[in-house]
2 protein chains.
Amino acid sequence: MAKDSTETRARLIDAVGRVLAQEGFEKIGVNSVAREAGVDKVLIYRYFDGLKGLVAAFCSQEGFWPSPLELMGGDRDAFARMPYAQQLSEGAINYLRAIRARPLAQEVLAWRFLVQNELTTAFDSVRMASGAEVVNLMNVPTGEHAVDYQALQAIVAAAINHLGTRSGKLKDFSGIGLQDGSGWLRIEAMIHTIVYAVLDEKGPPPA
Amino acid sequence: MAKDSTETRARLIDAVGRVLAQEGFEKIGVNSVAREAGVDKVLIYRYFDGLKGLVAAFCSQEGFWPSPLELMGGDRDAFARMPYAQQLSEGAINYLRAIRARPLAQEVLAWRFLVQNELTTAFDSVRMASGAEVVNLMNVPTGEHAVDYQALQAIVAAAINHLGTRSGKLKDFSGIGLQDGSGWLRIEAMIHTIVYAVLDEKGPPPA
DNA sequence: GACTCATGTCACTCGTCGGTGACATGCGCA
DNA sequence: TGCGCATGTCACCGACGAGTGACATGAGTC
């Protein structure tokens with residue numbers, strides 16, 4: 001035999017994605033993944049030093065998480081020049097769209113929010129770094145203001161985390177249908193409305 | 001023996017709460033609960049028709065979920081007379097406080113958001129009914145308005161769900177410390193700000 | 001006393017889990 | 001040709017999960 005081991009590694013990584021999509025995060029284990037990959041489970045230990053390493057490799061795949069550039073809308077310089085309200089509104093909406101477009105990342109993220117174990121901690125660093133890079137480019141107004149920017153960001157981010165991570169399973173939330181795009185457009189419009197209303201600025205019309 | 005079976009039932013229900021508090025929702029099983037209760041697991045099947053029934057009984061305990069009255073702030077008539085902005089703002093804040101005050105309900109709710117299985121569906125009806133009762137009393141403005149009330153409610157509720165269900169484990173969110181009360185006050189104030197800013201009304205000063 | 005029945009204990013099956021050691025195979029190299 | 005090593009297969013272990021059937025005990029009833 002002695003095939004190419006890189007193919008076996010790829011088969012295992014792909015199998016993680018299939019188990020994640022079909023069975024969910026909680027069903028991920030050395031037995032189920034190896035079975036799905038058609039490969040002996042001992043190779044998970046040999047090539048990835050256990051399930052933790054395999055999941056980390058899976059989540060490190062190109063494009064698995066939204067890139068900072070994607071959250072900025074594709075143009076880093078343009079984002080850096082935006083006023084704060086526009087940065088927050090568009091960044092939040094881009095974040096929501098990015099999560100909605102990634103069902104597997106939704107699943108992982110949802111579990112990361114709920115439990116913190118050796119599996120979920122494997123990819124925290126990647127996620128954190130990505131978010132921090134965007135936040136660091138935000139032109140948060142300085143000086144004394146009446147607006148609690150951190151609190152505003154926290155609420156917007158929390159709402160998106162909840163809606164985004166559940167978007168794959170959620171048909172309806174608070175009377176808004178989320179199966180087609182129209183419901184999500186209403187959510188996005190309201191994010192825009194909230195940000196500009198709280199910051200008391202006249203913004204560009206919603207995209 | 002032939003003791004009183006109601007005591008055994010109570011021991012089992014209490015054991016669910018202890019396992020939930022100490023080990024988390026995922027560790028709840030017939031073996032762990034029976035061991036914690038100091039009782040044979042076969043009694044779970046005999047008295048509650050399985051784990052599902054036991055968990056349903058646990059979640060049906062008085063005060064486990066916030067009551068509609070609690071979400072309304074304790075005075076149903078006063079709530080019914082409030083303008084919509086005040087209803088939404090105060091109702092949302094009451095909801096957040098109610099969840100924060102119930103670590104076990106947080107745990108159950110968080111799992112209900114993530115997975116939908118025979119365990120979590122057991123108590124959906126109770127939860128749904130409670131929320132609907134409050135929503136039905138809301139004086140949503142009629143006629144044509146520019147404000148998408150459903151979307152506003154959805155975002156506020158989503159943010160509270162995310163922050164509330166994680167409040168027990170979360171030390172910090174978006175730079176806001178959530179261990180003492182001051183961070184939560186900022187969150188509550190921002191909920192108030194958002195609601196009144198979007199609805200473009202002058203509200204009472206934040207409590 | 002004899003019977004019924006609820007209560008509770010015990011032992012067991014069967015499946016899955018994470019993890020490990022032994023072994024077969026085949027490639028590259030001396 | 002023979003050696004080392006990476007690759008891959010197989011069988012097994014102990015632990016724990018849900019669920020079930022058999023049996024002991026004791027209280028109330030006729």
Side-chain angles (χ1 to χ4, degrees), chain A residues 1-16 18-20 22-59 107-108 111 114-123, chain B residues 1-20 22-59 107-108 111 114-122:
Chain A
M1 293 281 184
K3 304 177 194 173
D4 190 5
S5 77
T6 61
E7 159 150 1
T8 302
R9 292 168 208 257
R11 287 171 67 95
L12 281 169
I13 290 179
D14 288 350
V16 171
R18 286 196 299 275
V19 174
L20 195 56
Q22 295 162 13
E23 314 278 341
F25 193 91
E26 58 185 339
K27 298 292 186 181
I28 289 186
V30 284
N31 292 298
S32 60
V33 171
R35 199 182 312 126
E36 175 70 31
V39 152
D40 197 283
K41 63 179 172 181
V42 76
L43 302 181
I44 294 176
Y45 297 98
R46 212 175 277 173
Y47 292 147
F48 297 96
D49 195 29
L51 189 62
K52 171 185 171 181
L54 176 56
V55 173
F58 171 76
C59 294
E107 192 81 20
V108 175
W111 279 90
L114 184 52
V115 293
Q116 188 153 4
N117 55 28
E118 71 286 349
L119 276 190
T120 58
T121 52
F123 41 85
Chain B
M1 292 283 183
K3 304 177 192 173
D4 189 4
S5 78
T6 61
E7 159 148 0
T8 303
R9 293 169 208 257
R11 289 170 65 94
L12 281 169
I13 290 178
D14 288 350
V16 171
R18 286 197 298 276
V19 173
L20 196 56
Q22 296 164 10
E23 314 278 341
F25 193 92
E26 57 185 339
K27 298 291 187 183
I28 290 186
V30 284
N31 292 298
S32 60
V33 171
R35 198 182 313 126
E36 176 70 31
V39 152
D40 197 282
K41 63 180 173 181
V42 77
L43 302 180
I44 294 176
Y45 297 96
R46 209 175 279 172
Y47 291 147
F48 297 96
D49 194 29
L51 189 62
K52 169 185 171 179
L54 175 56
V55 172
F58 171 76
C59 293
E107 192 81 21
V108 174
W111 278 89
L114 184 52
V115 293
Q116 186 151 6
N117 55 27
E118 70 285 351
L119 277 189
T120 58
T121 54

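Letters A, B, ... mirror the listed sequences (proteins, then strands); counts begin at 1.
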Per atom distances to the B:Asp40 side chain, the nearest of D:dT9, D:dG19, C:dC10 is C:dC10
Should A:Ser5 be listed as having a side-chain N or O under 4.0 Å from OP1 or OP2 of D:dT7? yes
From C-beta outward on A:Asn31, which listed nucleotide comes closest to its side chain: C:dC17, D:dT20, D:dT9? C:dC17
Could you report the tightest heavy-atom contact between B:Leu54 and B:Phe48, atom names first, then the distance? N-CB, 3.5 Å
Would you indicate which nucleotide in D:dG8, C:dT7, C:dG19 comes nearest to any side-chain atom of B:Arg9? C:dT7
Output yes when at least one side-chain N/O atom of A:Thr8 is less than 4.0 Å from OP1 or OP2 of D:dG8, else no. yes
Side chain of B:Arg35, heavy atoms from C-beta onward: which of D:dG17, D:dA22, C:dA22 has the nearest atom to it? D:dG17
Spacing of B:Ile44 atom CD1 relative to C:dG8 atom C1', expressed in whole Å: 14 Å
Rounded off to whole Å, could you give me the NZ-to-C1' distance for the A:Lys41 and D:dA11 pair? 11 Å
5' priority, DNA chain C, between B:Leu43 and A:Ser32 [closest heavy atom]: B:Leu43
Could you tell me the separation between the CZ atom of B:Phe48 and the P atom of C:dT7, rounded to a whole number of Å? 12 Å
Whether over 12 other heavy atoms sit under 6.0 Å from B:Gln22 CD: yes
Please find the pair of heavy atoms, one from A:Thr8 and one from A:Tyr47, that lie closest to each other, and give the distance. CG2-CE1, 4.1 Å
From CG of B:Asp4 over to P of D:dA27, roughly how many Å is that when rounded to an integer? 13 Å
C:dT20, C:dT7, C:dA22: which one has an atom nearest the side-chain heavy atoms of B:Arg46? C:dT7
Specify the residue among B:Leu51 and B:Val42 whose closest nucleotide of DNA chain D lies further upstream toward the 5′ end. B:Leu51
I need the CG-P distance between A:Asp49 and C:dG19, as an integer number of Å. 10 Å
Which whole-number value in Å describes the distance from A:Leu12 CG to D:dG8 P? 9 Å
Considering all heavy atoms, the nearest A:Lys27-A:Ser32 contact: O-OG, 2.8 Å
Using whole Å, what does the distance between atom C1' of nucleotide D:dC16 and atom CD1 of B:Ile28 come to? 17 Å
Step through the shown structure and confirm whether more than 12 heavy atoms of other residues, nucleotides or ligands are within 6.0 Å of CG on A:Asp49. no
Would you tell me if any nitrogen or oxygen in the side chain of B:Tyr47 comes within less than 4.0 Å of OP1 or OP2 on C:dG8? yes
d(CD, A:Glu26; P, C:dG18) in whole Å: 13 Å
